[in-house]
Engineer: 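Take this structure, written in structure tokens, and hold onto it; I'll ask about it next.
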Amino acid sequence: MGYQCQVCKFSSFAVSVLNDEQMSTLGNNCAEVYFKKGDIIFKQDSFSLNIGYLKTGLVKLHMRGLAGKEQIIKIAKAPTYLGIPTTIGEKINQYSATAIEDTSVCFVNLDIFNKLILSNPKFSYEIILHMCKNELTHFRNCLYKTQKNSRGLVADTILNFANNIYESSHFFLPLTRNEIADLINSSRESVSRILSEFHNDKIIKLNGKEIEILNLDLLIKISENG
DNA sequence: GCATTAACCACAG
DNA sequence: CTGTGGTTAATGC
């Protein structure tokens, strides 16, 4: 008894390209798991032979570095794959994934995933396309982190949540100030100060974790000039 | 020199 | 977990 991937409304772009047989192979070899906000989905330094497919929810990918310093690599929004690089590239996880909202993930065995890649070029192409876009985003972020100042990076973070993650100018931050600092290589104090500053300057309306963008043009300017 | 930026510390809600 | 104030160090006119 497996899952009916073909009727799952969260089916990925790549899965839609599978034939019936491949689809049922996938359905018979995956398991859906639910995670609460704060739950660890997979952990750095542990062994894994699964690819995750994030069906719903929001996840942070993070890596513990020197002196235990935590760095958030990215915020992953459903639908997307989780852990393709670390599962295919290494047997031991190179980073962790933690739910920052209630989340559901389908785990697919790596062997099955590899068989799909080897047997279906369209599927492989979709995966490559996905990973290329991902890598370009990381190159850009890498550049920004080096070249922008903290204000610009905080502005970027707000814009990312508004434009890409929540698709609304009014949302609740799923991260603490400390986590935002871990995301942009800053300190919790700086993030706190910059957010208050944006609030006082009427660029955003800030109430704890609640953010409403009041002056989008200015925010974009800060992002571009910062 | 003087200004800016931001990290680190401490302490208070 | 946050917000602020003081301090300190680096960098750039």
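Just so you know, these numbers come straight off a predicted model, no measurement behind them. Every chain is numbered from 1, with letters handed out A, B, ... down the list of sequences.
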Engineer: Ignoring hydrogens and angles, tell me if any N or O in the side chain of A:T87 forms a donor-acceptor pair with the backbone of A:G83 under 3.5 Å.
Structural biologist: yes
Engineer: Could you tell me whether the side chain of A:E179 and the main chain of A:T176 form a donor-acceptor pair under 3.5 Å?
Structural biologist: yes
Engineer: Under 3.5 Å, is there a donor-acceptor pair between the side chain of A:S24 and the main chain of A:G27?
Structural biologist: no
Engineer: Please give the angle, rounded to 10 degrees, between the axes at the start and the end of the helix from B:dG1-C:dC13 to B:dG13-C:dC1, where five pairs define each axis.
Structural biologist: 10°
Engineer: Atom CD of A:E197 and atom P of C:dT4: how far apart are they, to the nearest Å?
Structural biologist: 11 Å
Engineer: Taking atom C1' of C:dT2 as reference, at what distance in whole Å does atom NE2 of A:H199 sit?
Structural biologist: 14 Å
Engineer: Sub-3.5 Å donor-acceptor pair from the side chain of A:T146 to the main-chain atoms of A:C142, do we have one?
Structural biologist: yes
Engineer: Would you say A:K209 places a side-chain N or O within less than 4.0 Å of OP1 or OP2 belonging to C:dT2?
Structural biologist: yes
Engineer: Between A:H62 and A:Q44, is any side-chain donor less than 3.5 angstrom from a side-chain acceptor?
Structural biologist: no
Engineer: CD of A:E210 versus P of C:dT2: gap in Å, rounded?
Structural biologist: 15 Å
Engineer: Do A:V154 and A:I222 have side chains that approach each other closer than 4.5 Å (heavy atoms only, starting at C-beta)?
Structural biologist: no
Engineer: Please tabulate the protein-to-nucleotide N/O contacts below 3.5 Å involving nucleotides 8-13 of chain C, giving atom names and distances.
Structural biologist:
none

Engineer: Report yes or no: does A:N19 contribute a side-chain atom to a donor-acceptor pair with the main-chain N or O of A:E21 at less than 3.5 Å?
Structural biologist: yes
Engineer: Would you kindly give the CD-to-P distance between A:E179 and C:dC1, to the nearest whole Å?
Structural biologist: 8 Å
Engineer: Measure from CZ on A:R177 to P on B:dG13 and round the result to the nearest Å.
Structural biologist: 19 Å
Engineer: Salt bridge or not between A:R151 and A:E197? Use side-chain N to carboxylate O under 4.0 Å.
Structural biologist: yes
Engineer: Under 3.5 Å, is there a donor on one side chain and an acceptor on the other for A:Q71 and A:N185?
Structural biologist: yes
Engineer: Could you write nucleotides 3-9 of chain B as a row of B, S and -, 5' to 3', where a protein heavy atom under 4.0 Å of any base atom gives B, of only sugar-phosphate atoms gives S, and otherwise -?
Structural biologist: ---SSBB
Engineer: Taking NZ in A:K43 as the centre, count heavy atoms belonging to other residues, nucleotides or ligands within less than 6.0 Å. Is the count above 12?
Structural biologist: no
Engineer: Is there side-chain contact between A:S96 and A:K60, with heavy atoms separated by less than 4.5 Å?
Structural biologist: no
